[in-house]
Amino acid sequence: MSSEQPKTVLAICAHPDDAEFSCAGTLILLHEQGWKVHIATMASGNCGSVDLDPNAIARIRRAEADASAAIIGGQHHYLGGTDLQLFVDNATRSAATALIREINPDCIITHYPVDYMPDHEVTSATARAAAFTAPMPNYVVGAASALLPTARIVPLYYCCPLGGTDYFGNPVIPDFYVDISTVIEQKIAALACHDSQRAWLRKQHGIDQYIEEMKCWDADMGRLVGVPYAEGLFLHKGHAYPQTPLIQQAVGKHYILRKQTVWEPVA
Ligand SMILES: [Zn+2]
């Protein structure tokens with residue numbers, strides 16, 4: 001562990017359990033390196049049941065997300081939205097901006113810009129915009145307007161879309177991979193906290209699809225780079241966003257650079 005001031009990562013995801021599917025292994029490794037870990041969910045997960053009403057399932061899922069964040073070594077924050085009523089608008093951006101100002105992270109992780117689920121795409125666009133607006137003193141964020149703007153835009157990372165493919169089934173090849181094999185059991189334990197979702201899928205499919213799916217996706221990713229389990233990440237490279245490789249450096253020996261040979265166009 002470094003003797004410098006501990007760094008902070010903020011994962012901004014759409015729903016309870018999204019971070020656990022996509023980047024929890026990386027978050028656990030960063031926590032092991034002394035980083036502070038925060039996980040935000042934009043929406044409550046209120047559509048995640050066929051038996052319980054929206055308020056009841058939202059309450060359960062918030063508690064599940066709190067418990068899971070504790071296993072990851074982080075803290076969970078709920079930003080007040082509801083499932084499938086998230087839009088790229090000022091209210092949503094303000095909520096994310098206020099949290100960034102409060103936490104003052106060194107980097108942010110969010111969903112890949114193109115994903116199967118509309119809330120994931122809105123969250124990705126919102127996190128990207130909020131990372132940009134957080135340092136702007138004249139961007140006032142309502143009740144949190146007293147919060148100081150951050151000093152600068154911080155590096156922004158995207159996870160792989162769930163399943164690792166785009167709308168057309170083509171593999172989305174990340175910039176780099178994080179070997180999460182040493183922390184896969186902890187990632188499973190975190191995901192298992194979302195028992196309401198696990199039980200629902202178990203009832204639907206008759207097997208423990210919830211955990212198995214995550215393990216399969218991470219094993220597929222790992223196979224590309226020769227390790228048992230991996231997560232893939234992208235660094236935002238557009239104008240104004242720094243490209244300091246904070247996560248790549250922090251995870252050390254777990255960092256694996258993209259192999260150019262994994263995706264070759266048909267001749
Ligand atoms: Zn989700």
Side-chain angles (χ1 to χ4, degrees), residues 9-27 37-50 52 54-69 71-72 74 76-89 92-93 95-96 99 108-128 130 156-167 172 174 187-188 190-202 204-205 209-218 221 231-234:
V9 58
L10 169 61
I12 302 179
C13 297
H15 311 108
D17 83 4
D18 284 334
E20 289 79 349
F21 268 108
S22 53
C23 60
T26 302
L27 296 176
V37 174
H38 294 268
I39 301 166
T41 48
M42 300 287 312
S44 65
N46 61 299
C47 286
S49 177
V50 292
L52 300 171
N55 287 335
I57 186 64
R59 266 197 306 277
I60 289 168
R61 296 197 68 185
R62 189 165 177 181
E64 289 171 345
D66 290 348
S68 169
I71 287 177
I72 291 167
H76 171 241
H77 309 261
Y78 166 51
L79 291 181
T82 51
D83 289 8
L84 295 160
Q85 295 183 45
L86 285 184
F87 301 100
V88 178
D89 57 20
T92 310
R93 188 191 308 121
L99 186 68
I108 295 169
I109 306 178
T110 190
H111 292 281
Y112 191 68
V114 174
D115 203 344
Y116 82 101
M117 175 27 152
D119 288 346
H120 295 188
E121 296 190 345
V122 170
T123 298
S124 182
T126 298
R128 174 166 53 87
L156 174 67
Y157 291 88
Y158 301 105
C159 307
C160 279
L162 294 188
T165 58
D166 66 15
Y167 293 157
V172 171
K187 180 171 178 177
I188 291 168
L191 184 60
C193 289
H194 297 274
D195 198 47
S196 64
Q197 305 307 290
R198 188 181 186 183
W200 179 49
L201 283 173
R202 202 190 276 136
Q204 294 282 112
H205 297 277
Q209 185 78 6
Y210 193 62
I211 302 290
E212 289 309 312
E213 204 151 61
M214 180 274 279
K215 284 173 68 181
C216 275
W217 288 340
D218 288 359
M221 201 67 77
E231 290 172 349
L233 288 167
F234 303 78

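When a ligand or atom number is given, it counts from 1 through the structure's own listing order. When a residue number appears, it is its place in the shown sequence, counting from 1.
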ask   = When you look at D119 and Q85, which way does the side-chain contact (heavy atoms from CB on, under 4.5 Å) test go after all the steps?
value = CA-CA 8 Å; D119 288 346; Q85 295 183 45; over 6 Å; no

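- Partners of H38 under the ring-ring contact (aromatic ring centres under 6.0 Å, His included) rule, at least two apart in sequence or in another chain, are H77.
- Around the Zn ion (ligand 1), the protein N, O or S atoms closer than 2.8 Å are H15 ND1, D18 OD1, D18 OD2, H120 NE2, listed by chain and residue number.
- Partners of R128 under the side chain to side chain donor-acceptor pair (under 3.5 Å) rule, at least two apart in sequence or in another chain, do not exist in this structure.
- Considering every non-hydrogen atom in both D83 and C47, the closest pair reads OD2-N, 3.0 Å.
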Could you list the donor-acceptor pairs under 3.5 angstrom formed by side chains in residues 18-27, with sequence neighbours left out?
{"unit_1": "D18", "atom_1": "OD1", "unit_2": "H120", "atom_2": "NE2", "d": "3.3"}
{"unit_1": "D18", "atom_1": "OD2", "unit_2": "H15", "atom_2": "N", "d": "2.7"}
{"unit_1": "D18", "atom_1": "OD2", "unit_2": "H15", "atom_2": "ND1", "d": "3.1"}
{"unit_1": "D18", "atom_1": "OD2", "unit_2": "H120", "atom_2": "NE2", "d": "3.2"}
{"unit_1": "E20", "atom_1": "OE1", "unit_2": "D17", "atom_2": "N", "d": "3.4"}
{"unit_1": "E20", "atom_1": "OE2", "unit_2": "S68", "atom_2": "OG", "d": "2.5"}
{"unit_1": "E20", "atom_1": "OE2", "unit_2": "H194", "atom_2": "NE2", "d": "3.0"}
{"unit_1": "S22", "atom_1": "OG", "unit_2": "D18", "atom_2": "O", "d": "2.7"}
{"unit_1": "T26", "atom_1": "OG1", "unit_2": "E231", "atom_2": "OE1", "d": "2.6"}

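- The shortest non-hydrogen separation linking Y112 to C160 is CB-C, 4.2 Å.
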